[in-house]
Amino acid sequence: QAPDGRQALQLTTAERNMVLGEMRDFLVAVQAIIAATNTEDMAAAAAAARKVGMAAQTAVPPALIGKLPLAFKKLGFAAHSQFDQLALDAEQLGDPLQTREQLAALMNNCVACHATYSLVVAD
Ligand code: HEC
């Protein structure tokens, strides 16, 4: 249990830095997708979403995977795969409103995970 009541995941400094780096990539993608839909540049929205799709997840070391609870992995998996779906639909449907609706829906994964977990260093 973390001091703020959330579930504390105990990671090494390097593991925590890796997860937080992935998080900042998520934030970059969200900003880029909103900006791209505002200018109706659906190719740019798709490109930004793909950078944080399933392909971005492959480099996670097995030791780190082993420390993450199943519910955490499911939320992470859902976020990555929904960015891929958003990218596909942005290209194929080209509808900025639809893309923003998908972004709002997939960000429920961000909200749910942040409400539940915190990362604590245990080197
Ligand atoms: C599977 C769980 C999970 C998902 C999904 C998730 N996050 Fe996070 N995120 C975390 C955790 C845990 C932290 C660290 C929180 C803490 O220790 O207080 C974090 C931290 C962050 C940070 C801070 C990074 C830093 O350098 O300190 C940002 C920004 C962030 N998340 C953005 C996002 C965005 C945007 C999404 C959705 C697109 C997202 N996250 C989805 C678990 C998740």
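Counting convention: from 1, in listed order, for ligands and their atoms alike. Note that these values count all heavy atoms, side chains included, but never hydrogens, waters or copies made by symmetry. When a residue number appears, it is its place in the shown sequence, counting from 1.
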Mark up the atoms of ligand 1 that fall under 4.0 Å of a heavy atom belonging to F83, in ascending order. 38 (C)
Ligand-side contact atoms (ligand 1) for residue partner G76, heavy atom cut-off under 4.0 Å: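 Numbered from 1, ligand 1 contributes 1 (C).
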If we only count N/O pairs under 3.5 Å, is [X] in contact with ligand 1?
{"X": "L119", "result": "yes"}
{"X": "R6", "result": "yes"}
{"X": "S118", "result": "no"}

Candidate with minimal heavy-atom separation from atom 14 (C) of ligand 1, of L11, V19, L20, L75: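 Minimum heavy-atom distance to atom 14 (C) of ligand 1 goes to L20.
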Protein contact to [atom] [nearest heavy atom, distance to 0.1 Å]:
{"atom": "atom 4 (C) of ligand 1", "value": "C113 CB, 3.4 Å"}
{"atom": "atom 35 (C) of ligand 1", "value": "F26 CB, 3.8 Å"}
{"atom": "atom 26 (O) of ligand 1", "value": "R24 NH1, 2.7 Å"}
{"atom": "atom 30 (C) of ligand 1", "value": "M23 CB, 3.4 Å"}
{"atom": "atom 37 (C) of ligand 1", "value": "C110 SG, 1.9 Å"}
{"atom": "atom 29 (C) of ligand 1", "value": "L27 CD2, 3.8 Å"}
{"atom": "atom 5 (C) of ligand 1", "value": "N109 O, 3.6 Å"}

Do [X] and [Y] come within less than 4.5 Å of each other through their side chains, counting heavy atoms only?
{"X": "V120", "Y": "L9", "value": "no"}
{"X": "P61", "Y": "M18", "value": "yes"}
{"X": "R24", "Y": "V28", "value": "no"}
{"X": "F26", "Y": "N109", "value": "no"}
{"X": "P69", "Y": "Q7", "value": "yes"}
{"X": "E91", "Y": "R50", "value": "yes"}
{"X": "T99", "Y": "D89", "value": "no"}

When you measure from the side chain of K67 to the backbone of L11, do you find a donor-acceptor pair of N or O atoms at a distance under 3.5 Å? no
H80 side chain to A56 main-chain N or O, any donor-acceptor pair under 3.5 Å?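 The answer is no, because no donor-acceptor pair under 3.5 Å joins these two groups.
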May I ask you to identify, for K73, whether its side chain, its backbone, both or neither come under 4.0 Å of ligand 1 on a heavy-atom basis? neither
At a threshold of 2.8 Å, where the distance has to be below it, does atom 8 (Fe) of ligand 1 have an N, O or S atom of H114 nearby? yes
With a 3.5 Å cut-off and no angle check, do the side chains of S118 and R6 form a donor-acceptor pair?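 Distance-only check fails for S118 and R6.
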